[in-house]
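Everything below concerns the one structure shown next.
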There are 2 protein chains.
Amino acid sequence: MKRKASSPQRREESLSRERIIEASIELLDRSGEDGLTFRALAERLATGAGAIYWHVANKSDLLTAACDAMVTRRLKANATGATPSAAIRSIAGEMFDAIDEHPWLGSALIHCAGQMPMVRILEAIGQQVRALDVAGEAQWQVACALLNYILGVGGQNAAHTQFAKARDLDRTDFLNAMATMWSELDPDDYPFARSVAGQLSTHDDRADFLTGIDLILKGIDPSPTAVHSIP
Amino acid sequence: MKRKASSPQRREESLSRERIIEASIELLDRSGEDGLTFRALAERLATGAGAIYWHVANKSDLLTAACDAMVTRRLKANATGATPSAAIRSIAGEMFDAIDEHPWLGSALIHCAGQMPMVRILEAIGQQVRALDVAGEAQWQVACALLNYILGVGGQNAAHTQFAKARDLDRTDFLNAMATMWSELDPDDYPFARSVAGQLSTHDDRADFLTGIDLILKGIDPSPTAVHSIP
DNA sequence: ACCTGAACACCGTTCAAGT
DNA sequence: ACCTGAACACCGTTCAAGT
């Protein structure tokens, strides 16, 4: 009944938290949020379902750990820039790409509340916000606004992907369907949605996302001392 | 085995989509996201689980409908202001309060992708953004940025509540626990998180949320013609 | 047309029992 | 200390059968 040929059998390594997290990410990438199951995970790791609980508290803990591994990897890969603003754009863009490539990350991140994966992002952003010469009390608010915006976009992106997948549509078909729906709304009640429906199918997700980041950055009051450049 | 005394038996009305949605909201409010179950719903409505499927496509449809009812109600209650900016603040504040009072709304809204509940919010915001004299192509980006920010905050708020409830903590205990965790991070790796940890327990969620809205609004380039006031 | 409720194919989690 | 895997208490969804 069991097929073993399809997956490589690495028997050398014993079960460990790291191997479990790695296998979880592979499952999530291949089959989405619903693909991560203790049973599927156990089969992939050639072990019993209960064994996983020795290394991991529960499913929520497992998802948080998977997020953390992903975020750590991505922030290490790309979190610099010539100026603080450029660095923030770079961090945000990297998170956008990560969520775009791993849709489960978008919805899982939001559920991580004040835990490590989110602290890492906040820290990376916050350090750059500090470098922007933002007043002490405002640093928290600016960094939070950026983080909240990133999570909001990510969550919606993830929802789009899942919604499309459930209906066997690709991204373009989905956006077209959405544009059609919006353009059929009552003109008196939905003038804005209708007027903007046309932009839905042609717009560039990533560019629009970064425009939003710039909007927030532009809203910051630069203190007068921020003018001089740091070599 | 079954207790009927606790819930009022209204037999007059037959099953309808509206009654199902109303009962769903009551369940979600009382027991959170996990509280909405076709079995619990069936018992509450004194019917069979399968009967619900005659009026509702599936659970995702049901959640979207519950969101839509909630959003419609709240936007009707409060979506005006003396100026476009004030109206946007009012809409955003109303959504914040709605999510704060009904935490399930925060996480459910994000999964509604381009569907009606979100279109309603976008429309309400978009109409005000237009009134701000924002250039045509930028209207979409500004409205989207605001919406994304609202959803991001809402999703996290919902996660906070659920996280706290799962550990039998109230909001204050939870924030204190988070502040403690953050202040114990490595000072070299997490200077920013540590420095803002103190603000966590004293900050005003709603005020910080609205500050973020203002930040985005301030980032908008007002066109020169926007200066004159409309009486 | 609308409702019933047993049945199906799953879940996450636990826990006695093994090594 | 670590692993096994059956068992428990749930899910969403379907569908023959009823009215």
Side-chain angles (χ1 to χ4, degrees), chain A residues 1-2 4 9-24 27-28 30-67 104 107-108 111-112 162-163 165-168, chain B residues 1-2 4 9-24 27-28 30-67 104 107-108 111-112 162-163 165-168:
Chain A
M1 284 298 230
K2 284 188 191 175
K4 299 226 163 185
Q9 286 164 272
R10 5 173 196 168
R11 291 295 189 161
E12 321 308 288
E13 326 157 56
S14 67
L15 206 53
S16 69
R17 194 163 216 268
E18 287 69 39
R19 275 197 65 204
I20 291 172
I21 292 167
E22 221 43 52
S24 299
L27 277 174
L28 287 164
R30 194 197 310 148
S31 342
E33 297 185 55
D34 306 329
L36 181 59
T37 285
F38 277 84
R39 281 165 177 78
L41 199 51
E43 195 188 357
R44 206 177 197 306
L45 293 165
T47 181
I52 298 164
Y53 279 88
W54 187 263
H55 299 95
V56 145
N58 49 43
K59 189 165 185 181
S60 165
D61 178 35
L62 183 56
L63 268 170
T64 303
C67 282
W104 55 270
S107 46
H111 294 111
C112 290
Q162 203 178 14
F163 191 89
K165 208 184 66 178
R167 283 158 188 74
D168 270 318
Chain B
M1 284 298 228
K2 283 188 189 175
K4 299 227 162 183
Q9 286 165 272
R10 5 172 197 169
R11 291 293 189 166
E12 322 307 288
E13 327 157 56
S14 66
L15 205 54
S16 69
R17 194 165 218 267
E18 287 68 39
R19 277 196 65 205
I20 292 172
I21 292 167
E22 221 42 53
S24 298
L27 277 174
L28 287 163
R30 194 198 309 147
S31 342
E33 297 185 54
D34 306 329
L36 181 58
T37 284
F38 277 85
R39 279 165 179 79
L41 199 51
E43 195 188 356
R44 205 176 199 307
L45 294 166
T47 180
I52 298 164
Y53 279 88
W54 186 263
H55 299 94
V56 145
N58 49 43
K59 189 165 185 181
S60 165
D61 179 34
L62 183 56
L63 269 170
T64 303
C67 282
W104 55 270
S107 47
H111 294 111
C112 290
Q162 203 177 16
F163 191 89
K165 209 184 66 178
R167 282 158 190 74
D168 270 318

For the atom pair [atom1] ([X]) and [atom2] ([Y]), what is the distance rounded to the nearest 0.5 Å?
X: S31(A); Y: L36(A); atom1: OG; atom2: CG; value: 9.0 Å
X: L62(A); Y: L28(A); atom1: CG; atom2: CG; value: 7.5 Å
X: L27(A); Y: E22(A); atom1: CG; atom2: CD; value: 11.5 Å
X: E43(B); Y: F38(B); atom1: CD; atom2: CZ; value: 15.5 Å

Quiz prompt | W54(A) side-chain N/O to dC2(D) phosphate OP1/OP2 under 4.0 Å | solution =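 Yes.
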Once you round it to whole Å, what is the distance between [atom2] of [N] and [atom1] of [X]?
X: E43(A); N: dC3(D); atom1: CD; atom2: C1'; result: 17 Å
X: L41(A); N: dC3(D); atom1: CG; atom2: P; result: 13 Å
X: L62(B); N: dC11(D); atom1: CG; atom2: P; result: 15 Å
X: R19(A); N: dC2(D); atom1: CZ; atom2: C1'; result: 14 Å
X: I52(B); N: dG5(C); atom1: CD1; atom2: P; result: 13 Å

Quiz item: In dot-bracket form, how is DNA chain C paired, counting a Watson-Crick or G-U wobble pair only if both its distances are under 3.5 Å and using | for bases paired to another strand?
Solution: ||.|||||...|||||.||
Practice problem: With C1' as the reference atom in both, quote the distance from dC2(D) to dA17(C) in angstrom, rounded to an integer. | Solution: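 It comes out at 13 Å once rounded to the nearest Å.
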Exercise. Going by the side chain to side chain contact (heavy atoms under 4.5 Å, CB included) test, name the single residue among I20(B), I21(B), D61(B) that passes it with H55(B).
Key: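 Testing H55(B) for a side chain to side chain contact (heavy atoms under 4.5 Å, CB included) against I20(B), I21(B), D61(B) leaves exactly one candidate, I20(B).
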Quiz item: For S107(B) and H111(A), what are the C-alpha separation, side-chain angles and deciding distance, and is it a side chain to side chain contact (heavy atoms under 4.5 Å, CB included)?
Solution: CA-CA 9 Å; S107(B) 47; H111(A) 294 111; 4.2 Å; yes
Quiz prompt | Sugar-phosphate or base contact per nucleotide [nucleotides 12-19 of chain D; S, B, -; heavy atom under 4.0 Å] | solution = BBB-----
Self-check item: For D34(B), all residues meeting side chain to side chain contact (heavy atoms under 4.5 Å, CB included), sequence neighbours excluded
Solution: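 Side chain to side chain contact (heavy atoms under 4.5 Å, CB included) check on D34(B) returns Q162(B).
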Practice problem: Would you name the heavy atoms of A23(A) and L45(A) that are closest together and state the gap between them? | Solution: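 Heavy atoms only, the tightest pair is CB-CD2, 3.9 Å.
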